[in-house]
2 protein chains.
Amino acid sequence: MVGMRDVAREAGVSTSTVSLVVNGNGYVSPAMAERVQAAMDRLNYVPNELARNLSRNRTNLVGVIIPTIRHPFFATLTASLQRALYEQGLRTALCSTADVDQDVSQYVDMLRRRAMDGIIMGAHAVYPADYWSSIDRPIVAFDRFLGGSIPSVGSDHSQGGRLAAELFVRTGARRVVEIGGPRTHYQTAAGLNSEPLGSITIAGQPTFPPIRYHLAFERTLLAKRIRYEYMEIESVARMEEFKDAAHLAFERHPDLDAIVAPDLAAAFCAQEALRRGRSIPGDVQIIAYDGTYVSDLAGVRLTSVLQDFDGLANALVRRLVQVIPGKAYQGAGAADQPGAGEGDQAVSELISMSLKPGESTRWTGSVQELLSR
Amino acid sequence: MVGMRDVAREAGVSTSTVSLVVNGNGYVSPAMAERVQAAMDRLNYVPNELARNLSRNRTNLVGVIIPTIRHPFFATLTASLQRALYEQGLRTALCSTADVDQDVSQYVDMLRRRAMDGIIMGAHAVYPADYWSSIDRPIVAFDRFLGGSIPSVGSDHSQGGRLAAELFVRTGARRVVEIGGPRTHYQTAAGLNSEPLGSITIAGQPTFPPIRYHLAFERTLLAKRIRYEYMEIESVARMEEFKDAAHLAFERHPDLDAIVAPDLAAAFCAQEALRRGRSIPGDVQIIAYDGTYVSDLAGVRLTSVLQDFDGLANALVRRLVQVIPGKAYQGAGAADQPGAGEGDQAVSELISMSLKPGESTRWTGSVQELLSR
DNA sequence: CTGTTAGCGCATTCAT
DNA sequence: ATGAATGCGCTAACAG
């Protein structure tokens, strides 16, 4: 293997000079640069990143921890994350817990051992209150709280829930069913922080895990005296559950006239409705919550409350880079916002959701206004 | 940061002893091991993998190159790969080309610079004939040929195509439409190897890229004088195309009575058929080719010719590990097959496909036999 | 069995 | 602007 010293010898210079031209850091006279470059070409020199990594104590690898990459939601998010990371010169290590049947702690260990520069935590895990903060390495959380000073980014589910609920209110829904994730996740999310479930403010910071969506949705509907039911999905990783849930929703609540559900479940609901001879959106209105490509697979184009995947990814990566020692965020961010340099240092950041019109809900005049929000 | 020498000093031993207990390699007296362990705990020692990597010239990272992780097919494959890799102590670097809008060569560079121990190449790319072999680092190809001695693994599409065709033959299909990937991929796959398109043997090795499926399918049908059309999808990365293709299939061939298509396209076809008031499988039979969870989203459970994702992943990873210097495959493999140690050294390996019964095709007596193959 | 020692390949002070 | 020297933290011969 040809190393830097070989190149140096070939070019008749020292290794440090070679290093400089390889990394384009300090100033090297054009003549020298030329000679070194020629030597590198001649010897077919390829820099060794292992060595560079050890020197700079960095990997340029970020772990993305999610339940399963097979789920379209996480696949979409991961795709956006990969792009956002790449724009910062970072590579993506895929760390799905369910696909490998492995605990999150294995990935955290890699972080500790410096096999990764940081992790983006988007999977469910129950740990003592100080577990995450005690790691003391770059971590950001997606759609959840990991405690104290660990930054987190997520969609503004409070707003999303309200959006969905108001759409149903304005289109005259009377009997609404919500299909959602495990309630235990909500419990632990709030419980570990010793906050009552009803409270949606933690440590003075906005709170965004799905519970907010749930609460905002429920609250808005009940205020209008619309009947409302919650149906729980056990595991996000088992996709068959979505199908069962769709079936059960109609079985248990034959008189339902409106459903909001994660888009995979929403797609199944649409099929179930049609199978039962109930028209969409005449008899049953459906809102897909999330808005991946799946919402187009249902037969009808599903109206959806969609998450801004690119926005989420950008925010997550920006936050992560901020906590990686000696790393600066590249591109539009804090720098060009005068005075905003240290502005958004709140530990959590909310990315707003939007309404994507489809054919699965009615569109009265008063609904149009929701779209422009 | 506390390093090995600190631990050594604390335990009153030398660094090499510490190294031995950390890695559990050589023999250390239990007493020593105990003392070292205690020192490590006391000092909260965490080994630094960057240093270990440099020493051993290894990353334990494998790049999985695919077009896009958003596509359910590649998501499913990637999930299986991640598991298979993890079982060999390897981590997964996600390298999708379309999601990042980046050339494959960037990832190959990482491989060259030793940022990864190897790559699994599952994306389309056009390079000169000797590009891949000249890299001279661990590479295996998925469903394609990269030239000379680079191992490749893929589904036995020849068998898969025959399976689909024979099912249609036996259920009396008369007018069949196949929806498939870009023909240019076929062309280059064969073209670069200077092989006529009709030939499906390259360098005496079995050939498996999708062209085989295509050819086997076509051949079987034409032998029975069944009318047959091919519809091309331009880009695998743009999922809307599947929807358009489904629409076009019915538009261009109103008299079709059987379709085989990648499962996303097949799902759309099912919806399109139902929308046009054509019953499934009465008027139109549909076979989903691939068999990810998507084939269950169509409303009817789609009959599918499915790829053995775990089998593919295991084979890919086994082959890759074989070409990683100084690395041995863990678990069931060559070792316990007496005499098979060096047995399957053919450059390409075919994983067989199977038929998954569904509601989208008819099931006559003579069809049952196909299932047991 | 354990300690000593010499790298792994590059970054990066410092003098010059 | 360049070069010589030192260190990153660990592994693996080799010697004892």
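Residue numbers begin at 1 in each chain, while the letters A, B, ... track the order of the sequences.
- Atom CE of M40(B) and atom C1' of dC10(D) are 14 Å apart (whole Å).
- Atoms CG (N53(B)) and P (dC8(D)) sit 18 Å apart, rounded to a whole Å.
- M4(A) places its CE atom 8 Å from the C1' atom of dA11(C), with the value rounded to the nearest Å.
- Between the side chain of E10(A) and the backbone N or O of M40(A) there is no donor-acceptor pair closer than 3.5 Å.
- Atom P of nucleotide dG9(D) and atom CZ of R114(A) are separated by 9 Å, given to the nearest angstrom.
- Between the D6(A) side chain and the G3(A) main chain, a donor and an acceptor come within less than 3.5 Å of each other.
- For the atom pair OG of S55(B) and CD of E49(B), the computed distance is 12.5 Å after rounding to the nearest 0.5 Å.
- Counting non-hydrogen atoms of other residues, nucleotides and ligands closer than 6.0 Å to CD of E34(B) gives a total of 12 or fewer.
- Remark: the backbone N or O of P151(A) is not paired with any side-chain donor or acceptor of R319(A) at under 3.5 angstrom.
- Ranking dA12(D), dC1(C), dG3(C) by closeness to the S14(B) side chain, first place goes to dG3(C).
- In this structure, S19(B) does not reach the dC10(D) phosphate: none of its side-chain N or O atoms is under 4.0 Å from OP1 or OP2.
- Taking only side-chain nitrogens and oxygens, T17(A) comes nearer than 4.0 Å to OP1 or OP2 of dG3(D).
- The residue N23(A) sits close only to the backbone: its heavy atoms come under 4.0 Å of sugar-phosphate atoms, none of a base.
- V22(A) comes within 4.0 angstrom of no nucleic acid atom, judged by non-hydrogen atoms across all strands.
- Looking at which nucleotide of DNA chain C each of N57(B) and G12(B) is closest to, the 5′-most match is held by G12(B).
- Among the atoms of the strands shown, base atoms are found under 4.0 Å from some heavy atom of S16(A).
- Atoms CZ (R56(B)) and P (dA12(D)) sit 6 Å apart, rounded to a whole Å.
- Using a 4.0 Å heavy-atom distance criterion, V18(B) is classed as making no nucleic acid contact.
- The nearest whole Å value for the distance from the CZ atom in R5(A) to the P atom in dG3(D) is 15 Å.
- At the phosphate of dT11(D), OP1 or OP2 sits under 4.0 Å from a side-chain N or O atom of R52(B).
- For dC8(D), neither phosphate oxygen OP1 nor OP2 lies less than 4.0 angstrom from any side-chain nitrogen or oxygen of S55(A).
- Between the C1' atom of dG9(D) and the CG atom of L43(B) lies a distance of 15 Å, rounded to the nearest Å.
- Within 4.0 Å of V13(B), counting heavy atoms only, lie sugar-phosphate atoms of the nucleic acid but no base atom.
- In this structure, Y27(B) atom OH and dA12(D) atom C1' are separated by 21 Å, rounded to whole Å.
- Distance from the side chain of L54(A) is smallest for dG9(D) among the nucleotides dT2(C), dG9(D), dC10(C).
- No side-chain heavy atom of M32(B) sits under 4.5 Å from any side-chain heavy atom of L20(B).
- DNA chain D is contacted by both T15(A) and M32(A); M32(A) maps to the nucleotide lying nearer its 5′ end (nearest heavy atom per residue).
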